Amino acid sequence: MTDTSSAPSLKAELAIIGAGPVGTSLAILAAQAGFQTVLVDARDPAATPPPDTRNFAIVRGSWRLLGAAGVHPALEGHTQPLMGLEAIDGGRHWMGAPSVLFGTDDLAEDASGEPLGQMVPAAALQAALDDVATTTPNLTCLHNTRFTGLAPHPAHARLTLDDGRTIDAGLVAACDGMKSGVRTALGIATEGRAYGKSVFAADVKLSRPHNGLARQLFTPEGPFATLPLPGNRANLAWYMKTGAPEAMAAMPAADIEAELNARFADFAGEMKLDGQPLAYALHLQLATGMIGPRTALLGDAAHRINPLAGQGLNLGFKDVGALVDVMTEARDVGLDPGADTSLLRYQQWRRFDATTTAMFMDGVDRVFSNDNAVLKPLRGLALIAAGRIGPVRRALASQASADQASLPSLMR
């Protein structure tokens, strides 16, 4: 990788705006595939990164994509295998506590013994991707640089940067998040809503083994989830009305622990904070289109969904795999990877999956986050049926782990 801060205007086959996990993984994989790639990274490499206590549930298909990018060795010792997923309907039920549990046994046999996925700390994932990017041929990174404008031309798009330089790129990938400047420059609108809820998130030490299970308890006010971490720790997420998580994150540690254990010790065991908690608001936001002239939207720039089942980043990795496949296949038959025909294939591949996943997560939140006397028995029966009917359980496991034949080649 070439690192430049004062180079003249550049030409690239692919220019990527945004260097989070989606943008950096795309940069590595596209460069490995032989595309001359420029990654525009707003971060200052001389600055100390802000603390990031998030943890990602990287499902099986996404973990394979990261393996193709070469980051597995750098993540050794940081990850926790995800062996199963359990959902329990809390509150008062005449049928007890309906639940569904599925795990690796519900997936097709895998010779390498892969789990459903891996729990990965956000900071470790970003650092691993950054390290691989530094040694990737065909990849130029512009650090401490921001996108300011885009002008499409017949054979390329011209990007302008905040230092006055330009990039002429055959294809632009917008990986610049929920408030995407590229999406705004293209005039692509968004649809969605604020949930009026926020999430209290924290790492905790558990008093009893988690056995690699991700567990979710649905309460009338919202879900409470524990995601397994190494060392019998867990990353928890508690959904509440906006204001409550923010206030709770600011409380003394002893008060937070008392509240958690008073509410959820029966579910998760005694919990003790292991790091700084945080809170963030929930939003549903879908771009009305995933492409523009010479441009593709990926990750949060295209879709920000309810993180209920940890699918947000995994959708972004599906976008990465699909775009790499589309670009490679177009080049291999002599077509232009940035032309409308190529980009339409990318959109057709990814938009339906992203939209249906977003709507499904939104529907689960609406159905389970209440104490409705009519919905409670119906959803209880649905959980019991899903847990007892093998084909349904296996379909859920396949979908949750991104282990399907229709996935991009890097995820299979």
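Both backbone and side-chain heavy atoms feed into the values below; hydrogens, waters and symmetry mates do not. What you see is a predicted model, and the numbers here were worked out from it, not measured in a lab. Residues take their numbers from the sequence shown, with the count starting at 1.
- A pairwise comparison of heavy atoms in Pro152 and Pro293 identifies CB-CB, 3.7 Å as the closest pair.
- Screening residues 159-187 for ring-ring contact (aromatic ring centres under 6.0 Å, His included) gives no qualifying pairs among residues at least two apart or on separate chains.
- Taking a cutoff of 4.0 Å between a charged side-chain nitrogen and a carboxylate oxygen, Arg351 and Asp319 do not qualify as a salt bridge.
- A 4.5 Å side-chain heavy-atom check between Val59 and Gln311 finds at least one atom pair inside the cut-off.
- Side-chain atoms of Leu161 and Val40, non-hydrogen and from C-beta on, do get closer than 4.5 Å to each other.
- Using a 4.5 Å heavy-atom threshold, the side chains of Gln80 and His210 count as touching.
- In this structure, a donor-acceptor pair under 3.5 Å is present between the side chains of Glu246 and Ser198.
- Each of Lys197, Lys241, Arg263 was scored for a salt bridge (charged side-chain N to carboxylate O under 4.0 Å, His left out) with Glu221, with one residue passing: Arg263.
- In summary, Arg183 and Asp176 do not engage in a salt bridge, as defined by a charged side-chain N under 4.0 Å from a carboxylate O.
- Taking the six-membered ring for Trp and thresholds of 30 and 60 degrees, His72 and Trp63 have nearly parallel ring planes, at less than 30 degrees apart.
- Looking only at side-chain heavy atoms (C-beta outward), Asp353 and Leu315 come within less than 4.5 Å of each other.
- Contact of the Phe56 side chain with the Met119 side chain is not registered, since no non-hydrogen atoms from C-beta on lie closer than 4.5 Å.
- Looking at Glu114 and Arg64, a side-chain N of the basic residue comes within less than 4.0 Å of a carboxylate O on the acidic one, giving a salt bridge.
- Side-chain atoms of Asp325 and Ser409 form a donor-acceptor pair, as typed in the model, at a separation below 3.5 Å.
- Between Asp274 and Val204 there is no side-chain heavy-atom pair separated by less than 4.5 Å.
- Across Leu39, Leu14, Thr134, Thr24, a single residue satisfies side chain to side chain contact (heavy atoms under 4.5 Å, CB included) together with Leu139, and that is Leu39.
- Note on ring orientation: taking the six-membered ring where Trp is involved, the planes of Phe200 and Trp238 are perpendicular (angle over 60°, cut-offs 30° and 60°).
- Rounding to the nearest 0.5 angstrom, the gap separating the CG atom in Asp168 from the CD atom in Glu13 is 13.0 Å.
- For the pair Thr295/Leu343, no side-chain contact is recorded, criterion being any heavy-atom separation below 4.5 Å from C-beta on.
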